[in-house]
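As the structure lists them, so they are numbered: ligands from 1, and atoms in each ligand from 1.
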Amino acid sequence: MKEYDLNDTHITKFNPKVQDIALTTNDLHVWYGQNEAIKGVSLEFEKNKITSLIGPSGCGKSTYLRSLNRMNDEIAGTKVTGEIMYEQTNINSKQIDVYEMRKHIGMVFQRPNPFSKSIYGNITFALKQHGLHDKKQLDEIVETSLKQAALWDQVKDNLDKSAHALSGGQQQRLCIARAIALKPDVLLLDEPASALDPISTSKVEETLVNLKENYTIAIVTHNMQQAARISDYTAFFYMGKVLEYDQTAKIFTRPKIQATDDYVSGHFG
Ligand SMILES: Nc1ncnc2c1ncn2[C@@H]1O[C@H](COP(=O)(O)OP(=O)(O)O)[C@@H](O)[C@H]1O
Ligand SMILES: [Mg+2]
């Protein structure tokens with residue numbers, strides 16, 4: 001097993017205007033009890049871009065992604081320090097209404113997890129919880145969300161059908177539609193295609209590329225080709241740190257750090 005120097009990092013600052021940044025973390029640390037899973041990560045997520053988080057299993061990608069909309073709050077014994085800046089507000093502060101914040105920063109998980117409800121019911125559930133009951137408005141949001149998730153044409157005549165009757169790839173696109181129905185600014189996805197076959201995977205990828213017109217996307221993926229195909233920026237995580245962050249093309253063709261080079265070329269460890 002090769003040892004890599006955790007202090008040998010290369011984080012490119014693209015320095016776009018502040019208004020071009022959707023989300024920033026400053027010196028973020030996450031502990032599970034005594035285990036420090038994230039050791040000071042500072043990253044910026046540019047608006048209307050896709051940023052991939054890659055790295056070997058156990059390096060903290062999911063932990064970092066979950067912290068971005070405070071999902072780690074639900075795990076007992078976690079401590080998160082550092083700033084997560086969203087629209088001039090540090091959302092990693094006790095005063096934040098987490099439920100409200102998650103309307104702006106939504107999450108899609110690894111396994112498609114539709115509710116045991118109809119397709120229509122999946123998309124309208126959270127909207128109703130947030131107080132929207134107008135049938136015409138709900139209908140409109142169902143239609144636009146499903147269109148944005150590239151699922152509308154396949155389900156428009158069967159909106160009352162159970163979500164569980166859909167294929168895995170369709171279920172995952174329904175989960176994406178459910179997340180975007182709340183009109184978030186930022187969409188976080190944790191290996192959203194890892195449980196899907198190649199055809200469904202490419203449909204989900206296509207969906208994400210279309211979505212970046214309206215959303216800022218952060219995606220964890222263990223699939224190098226996927227990161228290379230769809231993302232604008234890539235962050236390489238290793239042992240709780242980001243060792244390299246750059247434009248995706250640079251990460252995959254001319255990485256600056258040995259660990260990144262070994263990882264993307266399949267010679268890691
Ligand atoms: N819910 C949890 N409780 C305790 N430790 C966890 C939990 N989730 C992850 N970890 C630990 O945090 C570290 C990073 O894990 P994770 O974020 O899942 O990495 P990745 O997504 O890159 O595979 C690992 O050491 C893992 O064991
Ligand atoms: Mg993970």
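Here R66 has side-chain heavy atoms under 4.0 Å from ligand 1, and that is the only part of it that gets that close. Here T63 has heavy atoms under 4.0 Å from ligand 1 in both its backbone and its side chain. By the criterion of a heavy-atom distance under 4.0 Å, the side chain of N35, and not its backbone, is placed next to ligand 1.
A donor-acceptor contact under 3.5 angstrom links the side chains of D262 and Q258, judged on distance only.
If you take CD1 on I123 and CG on L159, they are separated by 7.5 Å, rounding to the nearest 0.5 Å.
Under 4.0 Å is where a charged nitrogen must lie from a carboxylate oxygen, and between K256 and D261 no such pair does. Under the 4.0 Å criterion applied to side-chain N and carboxylate O atoms, D139 and K136 are not assigned as salt-bridge partners.
Geometrically, R178 engages F115 in a cation-pi contact defined by less than 6.0 Å to the ring centre and at most 45° from the axis.
Compare Y32, Y238, Y64 by their heavy atoms: the one nearest to atom 8 (N) of ligand 1 is in Y32.
Side-chain contact between T124 and L132: absent, with no pair of heavy atoms (C-beta onward) separated by less than 4.5 Å. Proximity of K203 to Q172: side-chain heavy atoms (C-beta onward) are nowhere separated by under 4.5 Å.
Inclusion of A37 in the set of residues having an N or O under 3.5 Å from an N or O of ligand 1 is not warranted. By the 3.5 Å distance cut-off applied to N or O atoms, I75 is not counted among the residues near ligand 1.
Remark: minimum distance from atom 18 (O) of ligand 1 to any protein heavy atom is reached at S62 CB, 4.0 Å. Scanning the protein for heavy atoms near atom 22 (O) of ligand 1, the closest one is K61 NZ, 2.8 Å. Counting protein heavy atoms only, atom 19 (O) of ligand 1 is closest to G60 N, 3.1 Å.
Proximity to G58 (heavy-atom distance under 4.0 Å) selects the following atoms of ligand 1: 13 (C), 14 (C), 19 (O), 20 (P), 22 (O), 23 (O), 24 (C). When each atom of ligand 1 is checked for a heavy atom of S57 under 4.0 Å away, the hits are 23 (O).
Less than 6.0 angstrom separates the ring centroid of F14 from the ring centroid of Y233.
Residues L196 and T201 approach most closely at O-OG1, 3.5 Å, considering heavy atoms.
Here S57 fails the criterion, with no N, O or S atom under 2.8 Å of the Mg ion (ligand 2).
Put simply, no part of G55 is less than 4.0 Å from ligand 1, judged by heavy atoms.
Of the protein's heavy atoms, at least one falls inside 4.0 Å of atom 14 (C) of ligand 1.
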